[in-house]
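Since we're looking at a predicted model, the values are computed, not measured.
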Amino acid sequence: MTQSNEASLPGSETKYRINPDAKRYTMKDNAFIETKNGNFQYERVLSTQPGNKTAPVLKVTVSKALTNLKISTVAANGIKKVNLFANDQMHEYRELAEFYLENFVQESVLERV
């Protein structure tokens with residue numbers, strides 16, 4: 001998995017990086033789960049409908065040292081990458097993904113570049 005200090009949603013021009021004030025507890029307070037190797041991962045289904053099994057999933061991964069960031073959207077099965085900006089049918093999913101990322105900016109997890 002390649003990571004860098006800046007990332008964006010596939011197809012988006014808005015870039016994010018980890019807020020310098022973010023700490024381990026900041027990640028945990030914002031629903032990030034610590035993986036076995038110490039990285040922090042956030043996964044959310046991009047749907048307002050409970051039980052929707054076809055909606056794409058937003059994945060945000062932050063390295064253990066809080067220096068590298070990866071943002072991706074994948075199909076519900078977790079294999080195929082999805083571009084939320086490819087067509088207007090993805091409008092609802094795109095809004096939800098941007099909402100979650102904006103919330104991370106407000107909570108000092110991420111910052112816009």
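- The number of heavy atoms from other shown groups lying within 6.0 Å of CG (Asp88) does not exceed 12.
- The closest side-chain heavy-atom distance from Glu111 to Asp21 is not below 4.5 Å.
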Could you give the side-chain donor-acceptor pairs of residues 97-109 under 3.5 Å, partners two or more places apart or in another chain?
residue	atom	partner	partner atom	Å
Glu102	OE1	Arg112	NH2	2.1
Glu102	OE2	Arg112	NH2	3.0

**Report entry** Check against side-chain contact (heavy atoms from CB on, under 4.5 Å), Leu84 and Leu46
**Finding:** CA-CA 10 Å; Leu84 301 179; Leu46 297 174; 3.8 Å; yes
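- The line from CD of Glu6 to CD1 of Ile71 is 10.5 Å long, rounded to the nearest 0.5 Å.
- The distance from atom OG1 of Thr67 to atom CD1 of Ile18, rounded to the nearest 0.5 Å, is 6.0 Å.
- Note that CD1 of Ile33 is 11.0 Å distant from NZ of Lys28, once rounded to the nearest 0.5 Å.
- Neither Tyr93 nor Val57 shares a network with the other; the hydrophobic side chains, linked directly or stepwise wherever heavy atoms of I, L, V, M, F, W or Y lie under 4.5 Å apart, form separate groups for each.
- Side-chain contact between Leu58 and Leu96: absent, with no pair of heavy atoms (C-beta onward) separated by less than 4.5 Å.
- Using a 4.5 Å cut-off on side-chain heavy atoms (C-beta onward), Leu66 and Thr26 make no contact.
- Both tests hold for Arg94 against Phe85: distance to the six-membered ring centre under 6.0 Å, angle to the ring axis within 45°.
- Taking both residues in full, the closest heavy atoms of Lys53 and Ala76 are given as O-CB, 3.1 Å, listed atom of the first, atom of the second, then distance.
- Side-chain contact between Arg24 and Glu34: present, with at least one pair of heavy atoms (C-beta onward) separated by less than 4.5 Å.
- When the side chains of ILVMFWY residues are joined at heavy-atom separations under 4.5 Å, either directly or via intervening members, Met90 and Val74 end up in two distinct hydrophobic clusters.
- Taking each heavy atom of Ala31 and Tyr42 in turn, the nearest pair found is O-CD1, 3.6 Å.
- Shown here for Phe40 and Ser63, the closest heavy-atom pair between the two residues is CD1-O, 4.2 Å.
- Nearest heavy-atom pair across Gly78 and Lys59 is O-NZ, 4.4 Å.
- Within the 4.5 Å cutoff, side-chain heavy atoms of Val62 are placed close to those of Leu69.
- Using a distance-only test at 3.5 Å, with no hydrogens or angles considered, a donor-acceptor pair links the side chain of Asn39 to the main chain of Lys64.
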